[in-house]
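Notes for the one structure printed next.
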Amino acid sequence: MTDTIIALATPSGTGAIGVIRLSGPDAISITNKVFKGKDLSRQPAHTIHFGTIRDGEAILDEVLVSLFIAPHSYTKENVVEISTHGSKYIIESIIKLLIRNGARAAKPGEFTLRAFLNGRMDLSQAEAVADLIASDSAASHQMAMQQMRGGFSHELQALREQLIHFASMIELELDFSEEDVEFANRDDLRGLIFKINRVIHRLIQSFEQGNVLKNGVPIVIAGRPNVGKSTLLNALLNEERAIVSDVAGTTRDTIEDEINIEGITFRFIDTAGIRETMDIVEAKGVERTLAKMKQARLIVYLVDPAQSDEEIQKQLAELQDISIPYILLANKEDLLSPQQKEQLAASGAYFISAQQKTGIEELKTQLIEKVNLHNIDTSDVLVSNIRHVEALQKTEEALNRVLEHLASDITSDFLSMDIKQALHFLGEITGMVTTDDLLENIFSKFCIGK
Ligand SMILES: Nc1nc2c(ncn2[C@@H]2O[C@H](COP(=O)(O)OP(=O)(O)OP(=O)(O)O)[C@@H](O)[C@H]2O)c(=O)[nH]1
Ligand SMILES: [Mg+2]
């Protein structure tokens, strides 16, 4: 990391201002070469300076330069942020000029990668930076913020260190294998593994909630054709997202969109109406509907006044087979007879009119209640990253093997091997153990300038 990297840190395009960021040993000296104002090399950290950026005699822009001197910066290197007017032309010209003067264009996520490599944050915290930038609801924001500020890293780190102690004791036993000594107390080791497994188990369990908070709660809108599913989607989104018509079988593919209800992102999935059909395309759509229903957190199931009580009961039985929680909605309330209403109410239905937008707010309240996420304490540590869960699962498996070995009184070699495995996977979460592939994989998903 001897070179100095540069990238636009704000979104590309025209804005009021743009911020160009440099990081590396020469960040200040390179900027100094093209900046006319104070001598930047003699200014203290965390100061801002007004001046001009010049390409020879030509003034490219009047700018503000913020200085962060190593190690007191995001990357722990010298960092310069140049605030320019937000013209694409100005920004590109200044970046090119600085590259001519010795900087190099940054790769995606390279600033955060340096922050990680320089020990500013661990790997799971670096990943949280990406989540934080992508967060679009109060819940996902809070979760990312939690993780960025340490989350479960510290807890895992501490447990890992205790496990390292046992690993080294067992290594020692291997060195003295002739003499049949036992440095690592087996009961203590077992106790520690139970403790780690409890923590890991809780974290793995939290993924279901962490994941929906991050990616949105999938809610499938399903029912027979023509019951008003697409009309309901449009009513929820407050826009004409899906085509509505009185032809049964209008929607062929699934249509997804998100809305935020009380700080939680819901991903609504409008589907093709379920029926037996000879139409190949529609049949594919129905197949998709059934698949989506099985992945849903909750199914919003619509029926309408055209259906007999018998038909409705049949559908409810089918729904129960899927065993995903559902809400039964009787749509087209405006057309329901009092007798139908009575029957539907007995089946536990809620009444709405998607077309006239009645009952929509009550539905939203129901959704919040049913998915039961509102009461999650987001200050609780939740895992929302699939990489982390996978590493946790592998750790758990390795630790369970250690427990088996302990029970069967097997030789220390096997114990040692599986403890090392567990240490490896635990270390992968926080980045104590990394490979180039792993880092490449994580940071290439960042955008440039992060
Ligand atoms: N009277 C009345 N008509 C409605 C209501 N909701 C929807 N409709 C009408 O019902 C018809 C079907 O609506 P859609 O939203 O296309 O139904 P769908 O369930 O998406 O149908 P498919 O995509 O074919 O499965 C349209 O003519 C809508 O205008 C309602 O609350 N009251
Ligand atoms: Mg439709």
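For the single chain, residues carry numbers from 1 onward in sequence order. For ligands, and for the atoms within them, numbers begin at 1 and follow the listed sequence.
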Can you list the protein N, O or S atoms less than 2.8 Å from the Mg ion (ligand 2)? Ser230 OG, Thr251 OG1
What I'd like to find out is whether the side chain of Lys364 reaches to under 4.5 Å of the side chain of Ile259, using heavy atoms alone. yes
For Tyr74, is the NZ or CZ atom of Arg120 found under 6.0 angstrom from the centre of its six-membered ring and inside 45 degrees of the ring axis? no
When distances are taken from atom 8 (N) of ligand 1, the protein heavy atom at minimum range is Lys332 CE, 3.7 Å
For Gly273, atoms of ligand 1 separated by under 4.0 Å from a heavy atom: 25 (O)
Salt-bridge criterion met for Asp279 and Arg252 (N-O under 4.0 Å): yes
Results of ring pair (Phe, Tyr, Trp, His ring centres under 6.0 Å) for Phe443 - residues two or more places apart only: Phe446
What's the shortest distance from atom 28 (C) of ligand 1 to any protein heavy atom, and which residue and atom give it? Val244 CG1, 3.7 Å
Please state which part of Asn331 comes within less than 4.0 Å of ligand 1, counting heavy atoms only: side chain, backbone, both or neither. side chain
What is the closest protein heavy atom to atom 2 (C) of ligand 1, and at what distance does it sit? Gln355 OE1, 3.2 Å
Starting from atom 14 (P) of ligand 1, find the nearest protein heavy-atom neighbour and note its residue, name and distance. Thr231 OG1, 3.5 Å
Backbone N or O of Ala70 within a donor-acceptor pair of the Asn78 side chain at under 3.5 Å? yes
Any idea which atoms of ligand 1 are less than 4.0 Å away from a heavy-atom of Ser353? 30 (C), 31 (O), 32 (N)
Near Leu335 (heavy-atom distance under 4.0 Å), the atoms of ligand 1 are 1 (N)
Side chains of Glu362 and Tyr350: donor-acceptor distance under 3.5 Å anywhere? no
List the residues meeting ring pair (Phe, Tyr, Trp, His ring centres under 6.0 Å) with His46, not counting sequence neighbours, and say none if there are none. Phe68
Distance-only polar pair, side chains of Glu333 and Ser353, donor-acceptor under 3.5 Å: no
Under 4.0 Å from any heavy atom of Gly249, which atoms of ligand 1 are there? 24 (O)
Are Phe111 and Arg114 packed together at the side-chain level, in the sense that at least one heavy-atom pair is separated by less than 4.5 angstrom? no
Please determine whether a side-chain nitrogen of the Lys or Arg among Glu256 and Lys292 lies less than 4.0 Å from a carboxylate oxygen of the Asp or Glu. yes
For Asp246, take its heavy atoms, then give the atoms of ligand 1 lying under 4.0 Å from any of them. 27 (O)
Using distance alone, decide if ligand 1 has a nitrogen or oxygen within less than 3.5 Å of any nitrogen or oxygen in Val227. yes
Just to verify, what does Tyr326 make a ring pair (Phe, Tyr, Trp, His ring centres under 6.0 Å) with, not counting sequence neighbours? none
With heavy atoms and a 4.0 Å threshold, my read on which part of Ile352 contacts ligand 1 is neither
Ile243 CD1: over 12 foreign heavy atoms closer than 6.0 Å: no
Subset of ligand 1 atoms that lie under 4.0 Å from at least one heavy atom of Ser230: 15 (O), 18 (P), 20 (O)
How about Phe35 and His49: are their ring centroids closer than 6.0 Å? no
Show me which atoms of ligand 1 lie under 4.0 Å from any heavy atom of Ala248. 24 (O)
With a 4.0 Å cut-off on heavy atoms, does Val247 reach ligand 1? yes
Is the shortest side-chain N to carboxylate O distance from Lys450 to Glu110 below 4.0 Å? no
Can you tell me the protein heavy atom closest to atom 17 (O) of ligand 1 and the distance? Gly228 N, 3.1 Å
Thr250 versus ligand 1: do any nitrogen or oxygen atoms come within less than 3.5 Å of each other? yes
Heavy-atom contacts with Asp334 under 4.0 Å: which atoms of ligand 1 show up? List them by number with element. 1 (N), 2 (C), 30 (C), 31 (O), 32 (N)
Do me a favour and list the nearest non-hydrogen protein atom to atom 21 (O) of ligand 1 with residue, atom name and distance? Asn226 N, 2.9 Å
If hydrogens are left out, which of Gly285, Ser245, Ala222, Gly223 has an atom nearest to atom 16 (O) of ligand 1, that is, the closest non-hydrogen atom? Ser245
Under 3.5 Å, is there a donor-acceptor pair between the Asp122 and Ser153 side chains? yes
Closer than 4.0 angstrom, basic N to acidic O: yes or no for Lys314 and Glu311? no
Give the residue, atom name and distance (to 0.1 Å) of the protein heavy atom nearest atom 25 (O) of ligand 1. Lys229 NZ, 2.8 Å
